[in-house]
Amino acid sequence: MSKPVRVRFAPSPTGPLHMGGVRTALYNYLFAKKHNGTFLIRIEDTDQTRFVPGAQDYIMDALSWCGIMPSEGPGLGGDFGPYVQSERKAMYRPYAEELVANEKAYYAFDTAEELEQIREQAKQMGMPNWQYNSVTRTSMKNSLTLPQTEVEERLAKGDPYVIRMKMPRNEDVRFHDLIRGWVVVNTNNLDDKVLFKSDGMPTYHLANVVDDFTMNISHVIRGEEWLPSAPLHVLLYQAFGWDAPEFAHLPLLLRPDGNGKLSKRDGDRLGFPVFPTNWTTAEGELYSGYREKGYLPEAFINMLALLGWNPGTPQEIFTLDELVEAFSLERVSKSGAKFDPEKTKWFQQSWLRMQTDAELARGLKATNPSMSLSDKDLETLVGLMKERATFAEDILIDGAYFLGNPREFDQETIRKKWKAETTGYLHEWMDRLEGIAEFNSVTIESAFKKYLEEKGLGIGAVLLPYRLSVTGVGAGPGMFDVSAFLGKEEVLSRMKQNLPKIADILHEA
RNA sequence: GGCCCAUUCGUCUAGUGGUCAGGACGCAAGGUUUUCAUCCUUGAAACAGGAGUUCGAUUCUCCUAUGGGCUGCCA
């Protein structure tokens, strides 16, 4: 009989959530939904010095854009709240004291400055990382070395202290990871981590274990950067006499170039966002987000899901619901995944195509309220341009000539395609256009073919120059569709205005 | 430096004690298209290295190398 699945995503509000964090949240969400469990958010703000205003709202907003909805969390309620650790502050000290009473932990009075000094000295003597551990603690100021009376005196007096884990000597800590299998670490390699800080707050380790236990968390699914401290957490569960949850440590997201963990600086430097949505720092520095770049949340989520997990089938396009259905931790890979901006674009393009013309038109109208096009015309335009676009806005950018006479004319196409007699053909073609009674793509095409036939011309000799004189560019949707969309008056008026401009360009060349 | 984790095409990945090592993105070529895009076909492209186990290892074990993470009164 297994416990009900309850998982949490536990970010710290020290800045915006980057895409690695979103993926962790996503996998938690997928796992919870797959097993009819609960996905909750807990804010880990035990470090008051690193608190960044707005970060918590950013996290909730970004997850909401992604469609990753927690059922418990700050502002959402739930039976295990509060869901912000600073609001739970009072509950941690008794747990820390309990460990001291049971000799699993001890008071330490060494100040941060003293420790820094010791580390510095050790470094100069060739020891790169001095640790407060089962060996060194015997020569430090703590309740294990100081006389009992002095300890009590110091505590009574209000001397600052921390509570440290009393790491046992030479014990193998074994735990099972759902992704990596058995992991074994000897406690000699672990130090006496601070569990409770002198400012009255717990550290991550204590708060995390206490909260996961008191919130009935069944599975801890988090990034691989936590793997080294997992043994400590396992030991803490043992010290409290609690059953530990299942662990699953996710592979890291790596940067596309060179090596290393994806970091917030990489994105805009390499030309892609690392954040789900825009984030502006207090200093006014902007980090761009997928939302504002024009990515659909479905595409973003789809891409993230496949980075480090695969369904074992050739399917690559998944809705959130389909991901829930297909997801399993067993199919999460062990090694870090380099993020690929190109493939991300492919997901975006694929998702854009799946939108209906009406949906896309509605979205464009919302982002461009001043657009004068009717809904029906905009939908037609979307239909013509959609296959050529990666982002919705591309439709308006690459299709700008649908909205107004172009100012620029592609010089290279002119140079390659414009012959001495071309302008003459176009004038003749204008006369034919003039004569078309019912102006639609079928009638225009047949008139065009008829004209070519009568003149004995090839299609390329006139069609491309025609396109260029109307749109300014040498590529795009079917020219008869474009013509029909613009209407007879507009097409003729453009040609009248543009042909002289093109002639000028030819003269200059 | 120490500890831990990892290693299949450029990238994301599938896979098995005997496979032509499969797919996707990207790239290249061809076809379709008046053009571009889409679409279709084809192609180049990988089991880090060395031992061992075995009739046989990409697959199992060990070593090495490489990459990554952690090493704070950060999370």
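Labels below follow one simple rule: chain letters A, B, ... track the order of the sequence lines, proteins then strands, and each chain is numbered from 1. Atom set for the values below is all heavy atoms of this structure, side chains included, hydrogens, waters and symmetry mates excluded.
For A:Asn310, counting side-chain heavy atoms from C-beta on, the closest listed nucleotide (B:rA14, B:rC74, B:rG10) is B:rA14. Which of B:rC3, B:rA75, B:rG69 sits closest to the side chain of A:Arg50 comes down to B:rA75. In this structure, of B:rU38, B:rG15, B:rU35, it is B:rG15 that holds the atom nearest to the side chain of A:Arg331. The side chain of A:Trp346 has B:rG26 as its nearest neighbour among B:rU71, B:rG69, B:rG26. When distances are taken from the side chain of A:Glu342 to each of B:rA75, B:rG1, B:rG26, the shortest belongs to B:rG26. Checking B:rU38, B:rC4, B:rA75 against the side-chain heavy atoms of A:Val185 singles out B:rC4 as nearest. For A:Leu463, taking side-chain heavy atoms from C-beta onward, the closest of the listed nucleotides B:rA75, B:rC25, B:rU34 is B:rU34. Closest approach to the A:Arg119 side chain among B:rC73, B:rC36, B:rU11 is made by B:rC73 (side chain taken as heavy atoms from C-beta onward). In this structure, of B:rA75, B:rC5, B:rG26, it is B:rC5 that holds the atom nearest to the side chain of A:Val183. Considering only the side chain of A:Arg353, B:rC39 comes nearest among B:rC39, B:rA75, B:rG68.
Using the Watson-Crick or G-U wobble rule with both distances under 3.5 Å, B:rG17 pairs with nothing in any strand shown. Across all strands shown, the partner of B:rG10 is B:rC25, judged by Watson-Crick or G-U wobble contacts whose two distances both fall under 3.5 Å.
The residue from A:Trp351, A:Phe275, A:Phe272, A:Phe391 that alone fulfils the ring pair (Phe, Tyr, Trp, His ring centres under 6.0 Å) condition with A:Tyr295 is A:Phe391.
Ring geometry, A:Trp130 versus A:Tyr132: the interplanar angle exceeds 60°, so the pair is classed perpendicular (tilted spans 30 to 60°). Under the 30°/60° scheme for interplanar angles, the aromatic rings of A:His233 and A:Tyr204 are found to be tilted.
The phosphate of B:rA75 (OP1 or OP2) has a side-chain N or O of A:Thr46 nearer than 4.0 angstrom. Within the 4.0 Å cut-off from OP1 or OP2 of B:rC12, not a single side-chain nitrogen or oxygen of A:Arg23 is found. Applying the 4.0 Å criterion to OP1 and OP2 of B:rU13, one finds that A:Ser333 has a side-chain N or O inside that range. A close approach under 4.0 Å does occur between a side-chain nitrogen or oxygen of A:Lys197 and OP1 or OP2 of B:rC74. Here A:Arg467 does not reach the OP1 or OP2 of B:rU34: none of its side-chain N or O atoms lies under 4.0 Å away.
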Handout entry: Verdict with supporting geometry, A:Leu235 and A:Met167, side chain to side chain contact (heavy atoms under 4.5 Å, CB included)
Key = CA-CA 9 Å; A:Leu235 251 17; A:Met167 193 53 73; 3.4 Å; yes

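Within 4.0 Å (heavy atoms only), A:Asp110 reaches at least one base atom of the nucleic acid. Nucleic acid contact for A:Met385: none, since no nucleic acid atom lies under 4.0 Å from a heavy atom of the residue. At the heavy-atom level, A:Pro251 lies nowhere under 4.0 Å from the strands shown. Across all strands shown, A:Thr111 has heavy atoms under 4.0 Å from base atoms, whether or not it also approaches the sugar-phosphate.
Place A:Asn129 and A:Asp191 on RNA chain B by their nearest nucleotides, and A:Asn129 ends up nearer the 5' end. With RNA chain B read from its 5' end, the first of the two nearest nucleotides for A:Gly308 and A:Arg164 is the one closest to A:Gly308.
Judged by distance alone with a 3.5 Å cut-off, no donor-acceptor contact links the side chain of A:Arg180 to the base of B:rC5.
Salt-bridge check for A:Asp340 with A:Lys343: failed, with every basic side-chain N at 4.0 Å or more from each acidic carboxylate O.
Annotation: B:rA44 and B:rC12 have their P atoms spaced 22 Å apart (nearest Å). With C1' as the reference atom, B:rC55 and B:rU7 are 29 Å apart, rounded to whole Å.
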